[in-house]
Amino acid sequence: MRFLVTGGAGYIGSHTCKALAASGHTPITFDNLVYGHPWAVRWGPLEKGDIADRERLDQVINQYQPEGVIHFAAYAYVGESVKDPAKYYRNNVGGSLSLLEAMRDHGIPYIVFSSTCASYGIPEQIPIPESHPQRPINPYGQSKLMVEQMLRDFRLAYGIQSISLRYFNAAGADPDGEIGEAHDPETHLIPLVLDAASGQRPHITIFGDDYDTPDGTCIRDYIHVSDLAQAHVLAVEALTTHQPVQPAYNLGNGQGFSVKDVIATAEAVTQKRIPVQIGARRPGDPPRLVGDASAIMQDLGWKPAYADLTQIIETAWRWHQQQPYSTQ
Ligand code: UDP
């Protein structure tokens, strides 16, 4: 089937395009290339465009007649969203509305949406189930929650079927080494730790070691990007084949690792000493985020293939050594 993949030139989007192609589908990437990379689009056509540009969306939809949409296109820097919320609401919420209206008007009935565990805010229970209250503590998480709410209303009013996938911490790279993480600026822990291992940065700064966790550093649930990608394929296929589904699923490994665990594992994988400095807490960081992904395992048969932190960091390291600063 043909799927329009907004943000298909980005990190998770490009891995999903590869997984779609491996399952016999055609991904049509629609990306404004603000953060995406043309080199990451290898499994179908690239159409440059912004989701807020309705005319351009109409053109591409008319040309390819996609049967469904997988929607990644969004800004995703939590800190920036606090400083410039308008940018996040305009792009993530306004852009999604424009996309959803286009889907309604062209009669495209299926969408898988890239949501986030940041929509839960500070968790009241660990691991976090999908039924946990959603009270985001930053505009990025709020913008994703608002789209989830629009999806609910568009389902009821216009019959657009959707699944929101709430990711925990996406990490790692394509095991074949064809694509990987290349954010600019890079803010994520694992690529920064690998920069410090390879000497491209002098050290890694741990954002706070006085949290109420066993080693004092924040705990996160790292999930391999190819496992995330596979979940999108299962989700969109479940929609197109009318399987019974929940409106939202968590995607995580159900296991937490601290910042210090990540650094120690990266030292073991790279066989390098990683210089560490302890810095201040980063505003908006919950101490512990771990997801319960049993629902998607049960309903869609999703099973992570790279659940082990060492495997995740090994694939990231292979990519990092190959393409350390591929941001063109
Ligand atoms: N982190 C850190 N130093 C860094 C970058 C991140 O200590 O230079 C911590 C961050 O505070 C969080 C964890 O690593 O507890 C994962 O952060 P990341 O930005 O990768 O993902 P997030 O959890 O914000 O989605």
Side-chain angles (χ1 to χ4, degrees), residues 10-12 35 72 74-83 88 92 114-123 126-128 134 136-145 165-173 180-198 200-225 228 250-267 274-291 309 312-313 315-317 319-320:
Y11 174 45
I12 306 172
Y35 290 117
F72 295 98
Y75 294 141
Y77 290 107
V78 169
E80 183 187 56
S81 81
V82 176
K83 292 198 190 92
Y88 280 70
N92 296 6
S114 164
S115 190
T116 172
C117 66
S119 65
Y120 293 118
I122 309 277
I126 294 283
I128 305 173
Q134 289 177 287
I137 57 169
N138 53 59
Y140 165 69
Q142 185 65 41
S143 72
K144 291 285 183 176
L145 175 57
L165 296 176
R166 299 179 188 150
Y167 320 145
F168 285 71
N169 286 58
E181 192 164 10
H183 293 112
D184 183 20
E186 186 54 77
T187 61
H188 293 113
L189 180 63
I190 291 177
L192 292 178
V193 164
L194 297 181
D195 281 351
S198 61
Q200 284 157 314
R201 285 174 203 263
H203 58 263
I204 181 79
T205 302
I206 295 181
F207 296 149
D209 69 347
D210 56 353
Y211 284 96
D212 184 17
T213 59
D215 68 18
T217 65
C218 284
I219 291 176
R220 294 287 180 274
D221 182 344
Y222 295 90
I223 168 163
H224 195 278
V225 64
L228 279 183
N250 285 337
L251 284 173
N253 278 311
Q255 218 188 332
F257 293 97
S258 71
V259 176
K260 286 185 178 169
D261 290 334
V262 169
I263 295 169
T265 308
E267 285 189 325
I274 299 173
V276 166
Q277 287 194 356
I278 306 298
R281 289 184 178 196
R282 187 173 63 177
D285 262 346
R288 197 186 287 255
L289 285 173
V290 179
L309 184 62
I312 293 175
I313 295 180
T315 61
W317 180 231
W319 167 254
H320 190 278

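All ligand and atom numbering here is 1-based and tracks the order in the structure.
- Using a heavy-atom distance under 4.0 Å as the criterion, the protein contacts of ligand 1 are Asn169, Thr187, His188, Leu189, Leu192, Ile204, Thr205, Ile206, Phe207, Cys218, Arg220, Tyr222, Val259, Arg282, Asp285.
- Defined by atom type and a distance below 3.5 Å, a donor-acceptor pair is present between the side-chain atoms of Tyr88 and Glu80.
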side-chain contact (heavy atoms from CB on, under 4.5 Å) between Tyr35 and Tyr75, intermediate numbers included: CA-CA 9 Å; Tyr35 290 117; Tyr75 294 141; 3.4 Å; yes
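- Remark: Pro127 pairs with Val290, Asp292 by the side chain to side chain contact (heavy atoms under 4.5 Å, CB included) rule, at least two apart or across chains.
- Between the side chains of Tyr120 and Asn250, at least one donor N or O lies within less than 3.5 Å of an accepting N or O.
- Counted by atom type alone, His224 and Asn253 present zero donor-acceptor pairs between their side chains at under 3.5 Å.
- Between Asp210 and Arg281 there is a salt bridge, since at least one side-chain N of the basic residue sits less than 4.0 Å from a carboxylate O of the acidic one.
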